Each structure stands twice: as structure tokens, then as C-alpha cells.
Amino acid sequence: MDEKMSLTVGDAVDYNGLAADRSKTGGWVPAALILGIEICERLSTMGIAVNLVTYLGGVMHLPSSTSANIVTDFMGTCFLLCLLGGFLADSFLGRYKTIAVFAVVQTLGTGMLATITALPELRPPPCHARDTNCKEANGFQIAILYLALYLIALGTGGLKSSVSGFGTDQFDEKDEKEKAQMAYFFNRFFFFISIGTLTAVTVLVYIQVISVRFARFLLIKSSSFGLRSSEFRLYLYILLRFLFYFLF
């Protein structure tokens, strides 16, 4: 009986609302998963943000000032919505359910954004960079893009408000050993945030540049074998989109 009581963490419950058993819940296994989720979230959000100005200007044909405003509004909303996520977590849902709900929201937004970039109907006709008569994206295309971006912002805000606290919930502050592990988790948490952000603005951009160069190389080579460029471009575009979104 005393052994069972020692395994129960005071003032903590599991996802079923029962008293938390330290032999079955908490510890470094869920904490490591939380760190992995955080680095993936940073890769996703910052990978989108670092390419957004280029996409809005080069593909949607929006002015540079408008593109910059959209990006700053998007990033500001991501952080502002942390207030909403924290309020919902503390007052109604709890951290576990808040993370689950907003992770789904962010996944939907990211999938929607990937669909927008793949469908020609959701972006204006392409034109040369030197062309002064490029057609800007219409209201419907911008509205769909905004919907995807702000779904991502909503999901990011909900996650960022709860994920660090949920990570520390995996350790018992009243236990000296686990208290030290909690401090170690905090250090690794912010380290993973930095690594995810750095990777998004360097490695992912590098992969993107290399993939574009590789596509151009294949396109030039395909013409020497008599392949129709329109069909080749379509298949290559689908392949590169698949590799970028599902492998990287």
C-alpha cells in the first residue's frame, strides 16, 4: 500500500483524469516526444514564414510592402493568439486537450497551404519577373490564403501557450531528482526551439534552392530526349512537392 502511494504523484492526473502513476506516466519518454513536436512546429512555422514574402511577391504578384505586411501580421498573430490558448488551457480544456485541439488546427492549416500552392486555380497566372503587367491574385485567392495562414497562426498560438508547461508537467516538482530533470527539460526545450528555427531558415532554404536547380537541370536534359516540357514539368512539380512536404 505504501509502495503504491509512493508511485502516485500528488496534485497530478493522467489523460483519463485519474491520479498519475509515475511508473506509467510522465518522465522522459513523453518529454522527449514533446521536444520532438516543438522542433517540428518550429520547422513548419518558420519554414513557411521565411518563404512567404518570396511566395507572395513571386507567385501571387503582390507588392513588396503588402507581402511584408502579411508576413508580419501572420507572425504577430501567432504570438498574440498564445493569450487565447493559455486562457482556454487554464480555464476550460487543460494543457493536454488544448495541445491536441490546436495541433489538429495547425495541421489543417498547413495542409490547406500546401494544397493552395499546388493548385493553379488558387494562384494567378505565372508571368516573367520583368513583366510589368503581372496579374495580382484576386480576392478569392487571397481569402483562401489568409484562411490557411491564420489557421496555422491559431494552431501555433494554442501550442506555444501550453507545450512548455505540459513538458514540465511530466516531472514532479516535489521530487528532488525530477525537479532537476525539469530544469534540464527547460534548457533542452529552448535549445530545440533555437535549433528548429535555425534549421528552418538555413537547411530548408538550402534544400529548396537545390531542388529548384535540380528541376531545371532535369528539364534541360529532358528536352534533349524529346519529352514534352509541359508534361515533364507537371510530373516533376508533383514529385518535388511530395518530397518537400512529406520528407522534409
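What you are looking at is a predicted structure, and each value in this text was computed from that prediction instead of being measured.
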Any chance you could measure L62, atom CG, to L56, atom CG, to the nearest 0.5 Å?
5.5 Å
Measure the acute angle between the ring planes of F185 and F171, then classify it against the limits of 30° and 60° as parallel, tilted or perpendicular.
tilted
Does any N or O in the side chain of S194 come within less than 3.5 Å of the main-chain N or O of F190, such that one atom is a donor and the other an acceptor?
yes
Can a donor-acceptor pair be found, under 3.5 Å and without considering hydrogens, that links the side chain of E121 to the backbone of I116?
no
Interatomic distance, F74 atom CZ to I70 atom CD1 [nearest 0.5 angstrom]:
11.5 Å
ILVMFWY cluster, I193 and Y184 together (side-chain gap under 4.5 Å):
yes
I want to check a possible cation-pi pair here: R188 against F186, using under 6.0 Å from ring centre and within 45° of the ring axis as the test.
no
Is there side-chain contact between V163 and F189, with heavy atoms separated by less than 4.5 Å?
yes
Joint hydrophobic cluster, V101 plus L81, side-chain heavy atoms closer than 4.5 Å:
no
Would you please test F79 and T156 for side chain to side chain contact (heavy atoms under 4.5 Å, CB included) and show each step?
CA-CA 8 Å; F79 290 99; T156 300; over 6 Å; no
Shortest non-hydrogen contact from I142 to A137?
CD1-CB, 3.8 Å
Remaining members of L198's ILVMFWY cluster at a side-chain heavy-atom cut-off under 4.5 Å?
none
Within this structure, what is the CD-OG1 distance for the pair Q181 and T168, rounded to the nearest 0.5 Å?
13.0 Å
Are L151 and Q106 close enough, and set up right, to give a side chain to side chain contact (heavy atoms under 4.5 Å, CB included), and what steps lead you there?
CA-CA 6 Å; L151 278 175; Q106 184 171 10; over 6 Å; no
Check the pair E136 / Q141 against side chain to side chain contact (heavy atoms under 4.5 Å, CB included), numbers first and verdict last.
CA-CA 10 Å; E136 291 187 12; Q141 293 167 340; over 6 Å; no
Within one Ile-Leu-Val-Met-Phe-Trp-Tyr cluster: Y146 and V71, side-chain cutoff 4.5 Å
yes
Any side-chain heavy atom of Y150 sitting closer than 4.5 Å to one from D73?
yes
How are the rings of F166 and Y96 set relative to one another: parallel (under 30°), tilted (30 to 60°) or perpendicular (over 60°)?
tilted
In terms of hydrophobic clusters joined by side-chain contacts under 4.5 Å, are M182 and L35 together?
yes
Taking transitive links into account, so neighbours of neighbours count too, which hydrophobic residues share a cluster with V104 at under 4.5 Å side-chain distance?
L108
To the nearest 0.5 Å, tell me how far M46 CE sits from L52 CG.
11.0 Å
Is it the case that T45 and E41 place a side-chain donor and acceptor less than 3.5 Å from each other?
yes
S44 (side chain) donor-acceptor with C40 (main chain) under 3.5 angstrom:
no
Please determine whether side chain to side chain contact (heavy atoms under 4.5 Å, CB included) holds for the pair L84 and L154, giving the CA-CA distance in whole Å, both sets of side-chain angles, and the decisive distance to 0.1 Å.
CA-CA 9 Å; L84 174 63; L154 179 60; 4.0 Å; yes
Return yes if some donor-acceptor pair links the side-chain N/O of Q170 with the main-chain N/O of P30 below 3.5 Å, else return no.
no
For the CD1 atom of I144 and the CG atom of L149, what is their distance to the nearest 0.5 Å?
11.5 Å
Under 3.5 Å donor-acceptor, S162 side chain and L159 backbone
no
Do you reckon L119 sits in the same ILVMFWY cluster as Y55, going by side-chain contacts under 4.5 Å, direct or chained?
yes
Minimum heavy-atom distance A153-T77, with the two atoms named:
CB-CG2, 4.0 Å
From L145 atom CG to R123 atom CZ, the distance as rounded to the nearest 0.5 Å:
12.0 Å
Any F191 side-chain heavy atom under 4.5 Å of N187 side chain
no
Is the shortest heavy-atom distance from the side chain of K160 to the side chain of C78 under 4.5 Å?
no
With a 3.5 Å distance limit and no angle check, can you tell me whether S161 reaches the backbone of G86 through a side-chain donor-acceptor pair?
yes
Taking all heavy atoms of I39 and all of G196, pick out the closest pair and write down the distance.
CG1-CA, 3.7 Å
Which heavy atom of P125 sits nearest to which heavy atom of H61, and what is that distance?
O-CE1, 2.9 Å
